[in-house]
Amino acid sequence: MAEAISTTAEILPKAYEPHEVEKRWYSFWEQKGLFMAKITDEKRPYSIVIPPPNITGSLHMGHALNNILQDILIRYKKMAGYNVLWVPGTDHAGIATQNVVERQLAAEGLDRHTVGREKFIERVWQWKEESGGQIINQLKRLGCACDWSRQRFTMDEGLSRAVREVFVRLYREGLIYRGDYIINWCPRCHTALADLEVEHETHKGNLYYIRYPYAEGTGYVVVATTRPETMLGDTAVAVSPEDERYKNVIGRNLILPLLKRVIPVISDSYVDPSFGTGALKITPAHDPNDFEIGLRHKLPTVKVMDETGHMNDEAGPYRGLGRYKCRKKVVADLEAEGLLEKIEPLEHAVGHCYRCKTVVEPTLSKQWFVSVKRLAERAVVAVETGQTRIIPKTWENTYFDWMHNIRDWCISRQIWWGHRIPAWYCDTCSEVIIDTEAPVRCPKCAGKNIRQEEDVLDTWFSSALWPFSTLGWPEETRELKLFYPTSVLITGFDILFFWVARMLMMGLHFMGEVPFKDVYIHALVRDAEGQKMSKSKGNVIDPLIIMDKYGTDAFRFTLAAFAAQGRDIRLSEQRIEGYRHFINKVWNAARFVLMNVDGCQTVEVLRPAPRLSLENRWILSRLKEVIVQVREGLEDYRFNDAAQALYQFVWREYCDWYLEMIKPTLYLTEDQEARNAAQQVMLSVLSASLRLLHPFVPFVTEELWHYLPGSTGSIMEAPFPEGKDYPEDLESEEQMGLLMDVITGIRNLRSEMNVHPAQKVNVIMLSGDAAGRALISVHEGSIRTLARVENLEIRADGDRPRGAVSYITDQVETYMLLQGVVDITAETARLQKEAVKLQTELKRVQNKLANSDFLERAPAAIIAKEKDKVQEFVARLEKIEANLKRLKNVQV
RNA sequence: GGGCGGAUAGCUCAGUUGGGAGAGCAUCGGCCUUACAAGCCGGGGGUCACAGGUUCAAGUCCUGUUCCGCCUACCA
């Protein structure tokens with residue numbers, strides 16, 4: 001056995017070195033198939049589908065936090081005895097991916113149109129095979145326990161089939177339609193965008209006041225606009241029906257400047273009389289509101305721009321100009337004609353493409369839509385009735401708000417990379433055919449001139465099906481039966497609408513059940529200054545670099561410890577460094593234990609026996625408490641509480657107090673039985689701590705697990721500790737409390753008297769309480785060790801020693817003898833300070849107890865507590881004052 | 001415009017049924033005590049944004065104000 005001890009010390013280096021360890025254990029887990037769910041397992045199921053990262057993505061802080069939290073839950077539930085499944089996968093990310101490949105082509109002097117659709121798609125697939133797996137490897141780096149055998153991609157054959165199936169069913173139910181509608185157009189990406197894909201930003205612009213002359217007679221109406229170039233598409237001017245100023249103008253005709261078209265003045269309650277001049281120019285083809293007004297008044301629509309943002313034939317002399325050049329020229333021409341009244345600066349919101357930040361152009365266009373009203377209603381009810389809980393609850397309001405005001409979802413995109421819409425047009429008879437498979441001939445006219453819709457679906461369309469499409473839908477698979485609805489979805493609030501709401505709608509519609517029971521919305525990771533991390537700001541902290549520098553476990557623990565609900569995380573490297581120290585502490589605690597286990601060969605959970613000594617009973621009782629806290633924290637998604645509880649327990653209680661306290665027993669005692677007990681307890685608490693820590697810091701715990709005597713297999717297969725195995729022991733906690741208080745008191749005296757840490761001191765303790773004296777006496781060894789005491793005398797009563805400084809509690813008076821002369825002035829000051837503090841406290845409590853209202857209305861337990869305090873304070877004060885008197889006498 | 005969140009120690013933040021203000025980091029002082037200097041021991045530091053109210057009792061509940069964030073929206 002002596003050999004074994006020295007080997008352990010050699011095997012475990014002084015400091016934890018994460019890199020080699022991390023690599024080794026991840027492949028170990030994968031090889032042993034520990035991440036794989038078993039469909040035949042009879043344990044209770046617990047399932048999560050990953051929010052699929054874009055294949056173009058590289059791991060950022062948001063991914064890291066998101067996936068670490070999922071991994072913590074997955075590992076916890078697995079150890080807690082569930083049949084867990086974590087489905088991983090990636091998203092094809094239509095626009096983003098297409099942009100990447102287009103950029104590649106551009107570098108070669110090509111573009112997608114010269115290459116052609118088929119070849120282009122091939123290129124994208126090729127790119128995906130070569131570079132699209134990057135993010136997956138980065139997730140592995142994080143330690144994610146995903147079932148990689150079930151990895152999916154939104155463009156997989158199976159998922160594509162689900163997409164077509166959903167499209168066809170919705171179409172046949174009348175929930176998908178095609179129509180002319182005003183949509184947001186990105187002139188750079190050449191595609192329609194859903195409302196959600198438009199980001200609004202405040203811009204400093206101008207409000208131009210333009211005169212529209214009457215067609216008959218003299219005079220003009222002045223309209224105000226921020227976008228003068230759209231006037232070329234105006235088909236009316238609207239005023240408010242309640243606006244007295246324009247009462248006689250309604251129904252008259254105006255001459256549209258520059259193009260000289262005749263347009264009417266109409267009245268519509270949408271117009272706000274207080275803004276601008278109260279007259280609004282109406283451009284139905286280039287403004288969503290104007291479009292609605294145009295519908296109401298049956299106005300013609302005139303599109304003046306093409307899909308690249310350039311003016312078209314309808315713009316007459318402005319044809320071919322870019323929209324901003326055109327704006328300049330229109331303004332200049334108006335000015336020249338004396339029709340520009342004035343220009344005022346104005347801040348207003350401008351929509352941008354969420355992908356490329358180009359200013360979007362509202363444009364009239366033929367697109368496919370999902371009619372979402374009915375679907376949304378059901379999804380609202382599901383949350384209202386608690387079938388799905390949104391956590392933190394505050395997000396429910398945001399969700400309801402959005403769902404109640406939801407507008408139809410534009411699902412067609414004019415790009416090539418994505419699920420091509422399963423619609424075909426017959427050129428012979430104009431029939432539209434919607435089917436999951438391509439038709440050979442037109443079912444109506446039997447013609448063969450059939451071509452498929454060019455557009456593809458919004459990427460979020462396939463994402464919306466993710467919870468059931470990844471489990472095999474539309475087949476009725478055993479996976480679906482077992483793991484749907486999934487247990488929880490973990491995501492950031494930024495995709496609550498994009499994704500979560502739509503999954504709820506689709507899940508309810510096609511599965512008849514919510515896709516997940518809980519939705520946990522986690523924080524946003526910001527930089528140390530609270531700024532959102534972004535490449536353009538240059539404040540991005542790269543998780544991969546962090547993991548290189550500090551190790552994955554330190555990184556994981558940091559994020560978990562800061563993942564408080566409802567608040568963003570401000571991350572700085574300093575903090576991660578702090579938690580690296582914690583990982584190292586765990587490492588060294590284990591190192592210490594392993595160096596001192598001798599022949600102890602068991603890591604069995606040890607039931608606290610009454611025969612165990614105080615510190616052993618105490619640490620087991622504390623362990624019970626931390627188990628409860630960790631479990632509750634994880635069940636309630638309070639990751640920070642769970643992590644903090646572990647941090648405190650392992651470092652402060654286990655390392656600082658418990659291990660220090662048993663050192664004499666381990667080193668010196670002749671009592672073999674006591675030593676064995678200490679060894680068993682320290683080992684079993686270490687074992688439990690490692691298991692509790694494992695979901696947070698999987699690598700270091702797995703590494704240490706294999707050094708524990710008697711451990712078998714992976715720590716992932718070990719049971720998560722249960723509170724019921726460790727009865728709480730209040731007596732031991734109370735007694736330990738007294739000892740810790742006295743020891744801290746002596747340490748304090750030493751420090752204040754500048755006693756060198758290596759120097760031992762002599763102490764006399766007085767206590768009128770026999771039980772207290774017995775306790776101190778039994779544990780005087782601990783006091784000697786932890787407070788560095790040479791001679792310790794325990795008395796019931798008697799003269800207070802001269803030449804001593806004191807620490808007074810209500811139960812024990814502790815005197816530390818000084819070798820030289822006590823500085824009476826300093827000691828008096830010290831005691832007086834203490835006395836004043838106590839008197840203030842005492843007074844406060846006494847006032848409370850003097851209040852008859854308090855005595856009448858406060859619960860008995862609270863009153864009793866206050867009374868206890870009075871007793872304690874009075875006892876301490878009396879003793880301190882007695883000491884002060886003695887000091888005074890000495891002085892005299 | 002509507003909505004939500006935040007304001008607690010120098011910094012970053014906990015504080016879940018209202019009952020004597022906490023942690024980490026930083027700082028100061030002392031220690032290379034044979035697991036760990038990525039460590040050990042000790043100390044200092046807060047009118048819990050402001051003003052009212054409810055209550056025996058408010059960081060915690062209510063109202064208002066100020067200052068920061070964020071989301072959302074069809075004021076041209």
Side-chain angles (χ1 to χ4, degrees), chain A residues 9 12 14-16 182 195 200 207 223-227 230 238 270-272 274-277 279-283 287-293 346 348-349 362 392 394-395 397-398 401-402 405 493-494 496-497 524 526 528 530 532 550 554 561-562 564 566-572 574-575 577-596 632 636 638 640-641 644 647-648 652 655-656 659-660 663 667 744 747-752 754-758 785-788 841 844-845 848 851-859 861-863 865-866 869:
Chain A
L12 280 191
K14 270 176 97 164
Y16 173 56
I182 192 102
D195 294 335
H200 291 274
L207 191 58
V223 301
T225 179
T226 52
R227 306 188 53 210
T230 62
Y270 167 78
V271 181
D272 174 3
S274 65
F275 188 88
T277 61
L280 171 66
K281 63 190 260 327
I282 304 296
T283 323
D287 184 281
N289 305 308
D290 295 6
F291 177 76
E292 299 286 342
I293 294 170
L346 179 79
H348 62 125
T394 160
W395 287 105
N397 285 331
T398 315
D401 248 30
W402 191 74
N405 299 318
F493 62 82
D494 48 333
L496 182 61
F497 306 134
L524 201 69
R526 301 172 175 280
K532 206 167 172 172
Y550 303 100
F562 281 97
R567 194 167 219 176
D568 290 344
I569 298 174
R570 293 198 189 190
L571 193 70
S572 72
Q574 209 183 25
R575 250 159 257 181
E577 204 178 341
Y579 283 106
R580 179 179 60 169
H581 297 174
F582 176 62
I583 305 299
N584 195 52
K585 190 72 185 178
V586 172
W587 178 263
N588 271 291
R591 185 164 174 260
F592 172 80
V593 169
L594 293 170
M595 286 166 83
N596 291 287
E632 283 180 358
D636 296 344
R638 295 191 330 255
N640 58 322
D641 286 351
Q644 295 292 355
Y647 184 97
Q648 292 298 325
R652 305 271 88 98
C655 290
D656 287 352
L659 290 182
E660 291 304 325
K663 275 179 180 175
Y667 293 155
T744 306
R747 285 169 169 174
N748 189 346
L749 292 176
R750 297 177 56 108
S751 182
E752 290 197 25
N754 289 319
V755 178
H756 191 278
T785 314
L786 297 181
R788 295 234 145 203
E841 292 289 310
R844 193 191 299 168
V845 181
K848 220 171 184 178
N851 184 340
S852 59
D853 284 333
F854 174 71
L855 294 174
E856 274 167 38
R857 305 192 191 206
I862 298 290
I863 296 174
K865 212 167 141 192
E866 296 294 314
K869 275 187 219 163

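By convention in this document, chain letters (A, B, ...) are assigned in the order of the sequence lines, proteins followed by strands, and residues within each chain are numbered from 1. Worth knowing before you read on, the calculation uses all heavy atoms, side chains too, and leaves out hydrogens, waters and symmetry mates.
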Q: Indicate, yes or no, whether a donor-acceptor pair under 3.5 Å links the base of rC36(B) to the side chain of K585(A).
A: yes

(Q) Check this one for me: any side-chain N or O of K14(A) less than 4.0 Å away from OP1 or OP2 of rG39(B)? (A) no

Q: Tell whether E866(A) reaches the base of rA57(B) with its side chain through a donor-acceptor pair below 3.5 angstrom.
A: no

Q) Which of the following nucleotides, rG20(B), rG19(B), rU33(B), is nearest to the side chain of F854(A)? A) rG19(B)

(Q) By nearest atom, which of the nucleotides rA35(B), rG42(B), rC4(B) is closest to the T744(A) side chain? (A) rG42(B)

Q | For atom NE2 of H200(A) and atom C1' of rU72(B), their distance in whole Å | A | 9 Å

Q: Might you point out which heavy atoms bring I182(A) and P288(A) nearest each other, and give the distance in Å?
A: CG2-CA, 3.7 Å

Q: State whether R652(A) places a side-chain N or O below 4.0 Å from either non-bridging phosphate oxygen (OP1 or OP2) of rG24(B).
A: yes

Q | Which nucleotide in rA35(B), rA76(B), rA26(B) has an atom nearest any side-chain atom of Y667(A) | A | rA35(B)

Q) With both distances under 3.5 Å as the test, what is the Watson-Crick or G-U wobble partner of rC31(B)? A) rG39(B)

**Q.** Watson-Crick/G-U partner (both atom distances under 3.5 Å) of rC70(B)
**A.** rG3(B)

Q | Nearest-Å distance for atom pair CZ/P, residues F493(A) and rG69(B) | A | 15 Å

(Q) The side chain of P859(A) is closest to which nucleotide in this list: rU33(B), rG20(B), rG19(B)? (A) rG19(B)

Q) Within the structure, does a side-chain N or O atom of H581(A) lie under 4.0 Å from either OP1 or OP2 of rG39(B)? A) yes

